[in-house]
Amino acid sequence: MPNHVAVIGAGLAAVSLCAALRAGGFTGRLTMVGDEPCHPYDRPPLSKQFLAGESDAAQISLQPAEWYLAQGIDVRLGVPVAAFDAGTGRVELADGSALVADVLVLATGGRARRLTVPGGQSATVLRTRADAEALRDRLSPGVRVLIAGAGLIGAEVAATATRHGCHVTLVDPSPLPMEHAIGPHAARALHAQHAAHGVTVVSGGVRAIEPGRVALSTGASVSADTDTDTDADAVVDGDRDVDVDVDVVVAGIGIVPNVELAEDAGLDVDNGVLVDSEMRTTSAPNVYAIGDIARVSGTPHRSEHWDNARRTAESAARAILGQPPEPRRAPWFWTDRYGTHLEMAGLYDPDAEAVARGDIEGGAGSVFYVRDRLCVGAVSLDRPLDIRAAQRLIDRRIPLDTARLADEGVDLRRLLVARA
């Protein structure tokens, strides 16, 4: 067992790792270094409760300050890491100080991706608590907000902005955002909510940003319900290039993983820091990578969800402690908007059979994706118990009778018990 573990980064993955190490019996030195000046906080509320003004900084903190003292964690905040040496474990901080650890864990997360069009750098982004505070101060009744990107963050910001009384235009190049992640049934149900809540949805992209105006290249567009209080100048119809008057522009087009430190240290990087199944980097046995920056070697993608940050941290902690890995579990994520709660377990497979329970496009139901009698993924609107069952179906690889799965009269627990 190492004498000193140093964690570079101070988000959910870093805090989860520290908690798992202490819970697993690690009694050595534990240092966590973060570049933000505040204690680690939860990011999902930034686009929802925190942006809406329903929660404050204390309420979104991952742990109170006293917890770090009680756990014996040396927390160094507001001090970026300048460089580290994978061979010696030496970490150089931007303030000129340094530390040396037996094990280094990279949990540097990502930064908001910027628009690359003319004027794109002027768009507001939402990644940090400071970003959310700055954006919240600009949202008020009548403010014209244009959001580029209708993925998780963009759609959640759109929903929250409408609660502030803003006039919102949501722009995305896909006519059905998130279809590739959650399937067409849930994507149609979610996307239809925007227009129903007065948001102008435009299929297209941003060409340029100028003060007070955004130039769009539009495809087919869906105008907001005319019965809602919507700024008529922001309603875009047709297939043409248009200019839209705006007060606030938000870019919600994903993140860029912060892998520069790893690259400078000579680690293997390819769309993330390459790691094995225990989150140990493939290029340095004493260096681990967790959360948004990690990509398991041999898999095509990184995962940027909350649950992945927690699980990869727990996997790394077990490896550091010399404990056997836990069985792999189905990935899971959620989103909330307009009072609707979506959850997804496993992965959407476009070639799988879609088995519906309830009416997901009507606002409450689930779709299970089944291939060779095995559930590979499931998505639900306002039916979280269906997702709990789906996780067990996926993890246990339980063969399914799709007719019984589709029958609402059959309790999903019976499908689990029958083959458990």
Side-chain angles (χ1 to χ4, degrees), residues 1-42 61-109 258-267 273 275-294 309-326:
M1 190 173 292
N3 294 314
H4 185 192
V5 176
V7 189
I8 301 175
L12 173 65
V15 173
S16 299
L17 176 93
C18 292
L21 286 174
R22 289 302 191 217
F26 179 65
T27 58
R29 289 181 60 195
L30 191 50
T31 303
M32 182 170 64
V33 184
D35 56 5
E36 291 188 71
C38 55
H39 278 88
Y41 52 85
D42 208 14
S61 292
L62 289 169
Q63 296 288 354
E66 297 79 13
W67 181 84
Y68 300 94
L69 293 173
Q71 296 294 318
I73 303 170
D74 177 9
V75 183
R76 306 189 187 187
L77 301 174
V79 185
V81 170
F84 70 88
D85 188 302
T88 65
R90 182 178 176 85
V91 180
E92 305 281 350
L93 305 186
D95 63 1
S97 63
L99 58 90
V100 178
D102 306 292
V103 171
L104 302 179
V105 182
L106 307 181
T108 50
N258 292 325
V259 298
E260 289 79 8
L261 283 173
E263 287 180 320
D264 292 343
L267 300 186
V273 180
V275 297
D276 62 19
S277 60
E278 296 184 310
M279 312 315 296
R280 185 184 290 105
T281 62
T282 58
S283 42
N286 65 321
V287 181
Y288 294 74
I290 57 178
D292 293 343
I293 64 166
R310 181 178 59 84
R311 290 187 184 184
T312 55
E314 293 171 351
S315 295
R318 294 183 68 85
I320 292 168
L321 295 170
Q323 299 173 352
E326 291 185 332

Completion exercise
When rounded to the nearest 0.5 Å, the distance separating CD of Gln63 from CG of Asp42 is 10.5 Å
Exercise for the section: Give a yes or no answer on whether the side chain of Asp85 reaches the backbone of Arg90 with a donor-acceptor pair at less than 3.5 Å. Expected result: no
Handout entry: Pro40 versus Tyr68, closest heavy-atom pair with distance
Key = CD-OH, 3.3 Å
Handout entry: Straight-line distance of Asn286 CG to Leu104 CG, nearest 0.5 Å
Key = 6.0 Å
With a cut-off of 3.5 Å and sequence neighbours excluded, list every side-chain donor-acceptor pair involving residues 27-39.
unit_1	atom_1	unit_2	atom_2	d
Thr31	OG1	His4	NE2	2.8
Glu36	OE1	Tyr41	OH	2.7
Glu36	OE2	Tyr41	OH	3.0

Exercise for the section: Might you point out which heavy atoms bring Thr281 and Ala289 nearest each other, and give the distance in Å? Expected result: CG2-N, 4.1 Å
Show me the donor-acceptor pairs, under 3.5 Å and distance only, between side chains in residues 94-101 and residues at least two apart or in other chains.
unit_1	atom_1	unit_2	atom_2	d
Asp95	OD1	Ser97	N	3.0
Asp95	OD1	Ser97	OG	2.6

Exercise for the section: Verify side-chain contact (heavy atoms from CB on, under 4.5 Å) between Val5 and Tyr288, making sure each step is shown before the conclusion. Expected result: CA-CA 11 Å; Val5 176; Tyr288 294 74; over 6 Å; no
Problem - Side chain proximity check, Thr108 to Ile8, heavy atoms < 4.5 angstrom - result: yes
Exercise for the section: Kindly say whether Pro64 contributes a backbone atom to a donor-acceptor pair with the side chain of Ser61 at under 3.5 angstrom? Expected result: no
Completion exercise
Taken to the nearest 0.5 Å, the spacing of Met279 CE from Thr312 OG1 works out to 5.0 Å
Fill in the blank from the handout: Rounding to 0.5 Å, atoms CD (Glu92) and CG (Leu261) come to a distance of 11.5 Å
Handout entry: Euclidean distance, Leu69 CG relative to Asp74 CG, rounded to 0.5 Å
Key = 10.0 Å
Handout entry: For Glu278 against Pro325, the heavy-atom pair lying closest together
Key = OE2-CD, 3.7 Å
With a cut-off of 3.5 Å and sequence neighbours excluded, list every side-chain donor-acceptor pair involving residues 314-322.
unit_1	atom_1	unit_2	atom_2	d
Ser315	OG	Arg311	O	3.1
Arg318	NE	Pro324	O	2.7
Arg318	NH2	Pro324	O	2.8

Problem - Nearest heavy atoms of Asp276 and Thr282, plus distance in Å - result: N-CG2, 4.2 Å
Practice task
Side-chain contact test, heavy atoms from C-beta onward, threshold under 4.5 Å: evaluate it for Leu267 versus Leu106 and give yes or no.
Solution key: yes
Completion exercise
Heavy-atom closest pair (Val275 atom, Ala294 atom, distance to 0.1 Å) is CG2-CB, 4.2 Å
Practice task
Please name the pair of heavy atoms, one in Ala14 and one in Ile290, separated by the smallest distance, quoted to 0.1 Å.
Solution key: N-CD1, 4.4 Å
